[in-house]
Number of protein chains: 2
Amino acid sequence: MFVLDYRSKLPIYEQLQTQMLKLIVGGVLKENDQLPAVRTLAMELGVNPNTVQKAYAECERVGMIVSVTGKGSFVSNPAVSMQLYMREKFKELRNLIQESLEYGLEPSMIIDAVSAWCEKGEWDYDPTQISH
Amino acid sequence: MFVLDYRSKLPIYEQLQTQMLKLIVGGVLKENDQLPAVRTLAMELGVNPNTVQKAYAECERVGMIVSVTGKGSFVSNPAVSMQLYMREKFKELRNLIQESLEYGLEPSMIIDAVSAWCEKGEWDYDPTQISH
DNA sequence: TGTATTGTATTATTGTAAATAATACATTAA
DNA sequence: TTAATGTATTATTTACAATAATACAATACA
């Protein structure tokens with residue numbers, strides 16, 4: 001369920017947190033679903049329990065999951081996670097576009113690209129590529 | 001010319017590299033402009049010469065600048081940097097949109113937001129915010 | 001020709017944060 | 001009571017950025 005990239009610059013606990021968010025937003029994990037126990041997941045992934053604990057703690061802090069000593073950790077209302085995900089993505093998108101414009105990229109170029117990808121699904125569309 | 005954020009998670013040499021790219025793309029640094037000497041810039045910024053050297057070396061590796069022992073470091077063709085910058089930004093933008101769609105964000109929501117920001121300059125536009 | 005300035009390379013050391021290791025404690029369920 | 005769970009603590013290890021201190025190589029210039 002969780003997969004790690006050990007070559008990534010991102011810390012393991014952040015990777016776990018990100019994956020948790022995607023699993024919830026993507027509907028793989030549903031409300032009240034029980035998550036693997038800290039020690040169990042640590043074993044499966046071959047990492048230290050403290051690392052998993054750190055990820056779970058952060059997920060709980062932002063309201064993605066709820067942990068209860070003796071019972072386990074459970075997915076909380078996915079709407080919370082969806083909200084988190086959307087805010088995060090739109091913030092990234094806004095910052096990216098803002099910076100791109102500051103450094104001379106044409107608004108029309110951006111709009112055209114976003115349309116091609118977003119509406120037409122033309123993922124091959126590349127505004128930096130000259131067509132031959 | 002170069003400014004560092006010592007609280008940033010990004011290493012100093014990466015910050016320098018990013019700033020170099022922006023200075024070139026933004027036209028502040030023009031073709032064949034001589035850059036500060038490694039030791040000089042290190043002094044100015046209060047960092048180790050090795051750190052500046054690492055940044056310059058990476059900038060040269062990707063073709064942003066050219067360094068010659070005994071002479072100095074110079075800005076190479078800005079078109080190279082612009083190409084690098086555009087490719088990088090559009091790649092980020094594409095990945096961001098692709099992922100957002102995979103996790104349920106509506107294409108129209110993205111298009112609307114990009115239009116508001118990009119064409120109308122409405123940077124306050126926030127699709128995740130309910131208006132009152 | 002020498003001297004200073006420049007880029008480049010090397011080795012050792014330090015500082016920081018992630019990750020591990022090893023426990024211990026608290027709560028819950030069976 | 002026992003086992004499984006989350007939580008907390010302290011110490012250690014590891015990786016990497018950054019520093020420190022040199023040394024070498026190429027160029028410019030007086």
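As the structure is a computational prediction, the values presented were derived from the model and not from experiment. Naming convention: chains lettered A, B, ... in sequence-line order (proteins, then strands); numbering from 1 in each chain. Just so you know, these numbers use all the heavy atoms, side chains as well, and skip hydrogens, waters and symmetry mates.
- The side chain to side chain contact (heavy atoms under 4.5 Å, CB included) with D33(B) is formed by just one residue from the set I24(B), V28(B), V75(B); it is V75(B).
- Checked for salt-bridge contact, E102(A) and K22(B) miss the test: no charged N lies under 4.0 Å from a carboxylate O.
- Applying a 4.0 Å cut-off to non-hydrogen atoms, the residues of residues 30-42 of chain A that approach DNA chain D are A37(A), V38(A), R39(A), listed by residue number.
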What verdict does the side chain to side chain contact (heavy atoms under 4.5 Å, CB included) test give for L41(B) and Y56(B), after you've listed the backbone C-alpha separation in whole Å, the side-chain angles of each residue and the deciding distance to 0.1 Å?
CA-CA 11 Å; L41(B) 183 55; Y56(B) 277 21; 3.5 Å; yes
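- Between the side chain of Q34(B) and the backbone N or O of K71(B), at least one donor-acceptor pair lies under 3.5 Å.
- Applying a 4.0 Å cut-off to non-hydrogen atoms, the residues of residues 64-75 of chain A that approach DNA chain D are S67(A), V68(A), T69(A), G70(A), K71(A), G72(A), S73(A), listed by residue number.
- Rounded to whole Å, the distance from CD on E58(A) to P on dG6(D) is 17 Å.
- Rounded to whole Å, atom C1' of dA17(D) lies 19 Å from atom CZ of R7(B).
- Ring geometry for F90(B) versus W117(A): interplanar angle over 60°, hence perpendicular rather than tilted (30 to 60°).
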Dump every N/O contact between nucleotides 13-19 of chain C and the protein below 3.5 Å, one line per pair.
residue	atom	partner	partner atom	Å
dA18(C)	OP1	Y13(A)	OH	3.2
dA19(C)	OP1	I12(A)	N	2.4
dA19(C)	OP2	I12(A)	N	3.3

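- Taking 4.5 Å as the limit, every side-chain heavy atom of E31(A) sits out of range of all side-chain heavy atoms of S76(A).
- Using a 4.5 Å cut-off on side-chain heavy atoms (C-beta onward), I65(B) and M20(B) make contact.
- The number of heavy-atom neighbours closer than 6.0 Å to CG of D124(B), taken from other residues, nucleotides and ligands shown, is 12 or below.
- We find that CD of Q17(B) is positioned 12 Å from P of dA18(D), with the value rounded to whole Å.
- Nucleotide dT23(C) holds its C1' atom 15 Å from the CD atom of Q53(A), rounded to whole Å.
- For T51(B) (side chain) and V47(B) (main-chain N/O), no donor-acceptor pair under 3.5 Å exists by modelled atom type.
- Residues E14(A) and K9(B) are paired through a salt bridge, judged by an N-O separation under 4.0 Å between the basic side chain and the carboxylate.
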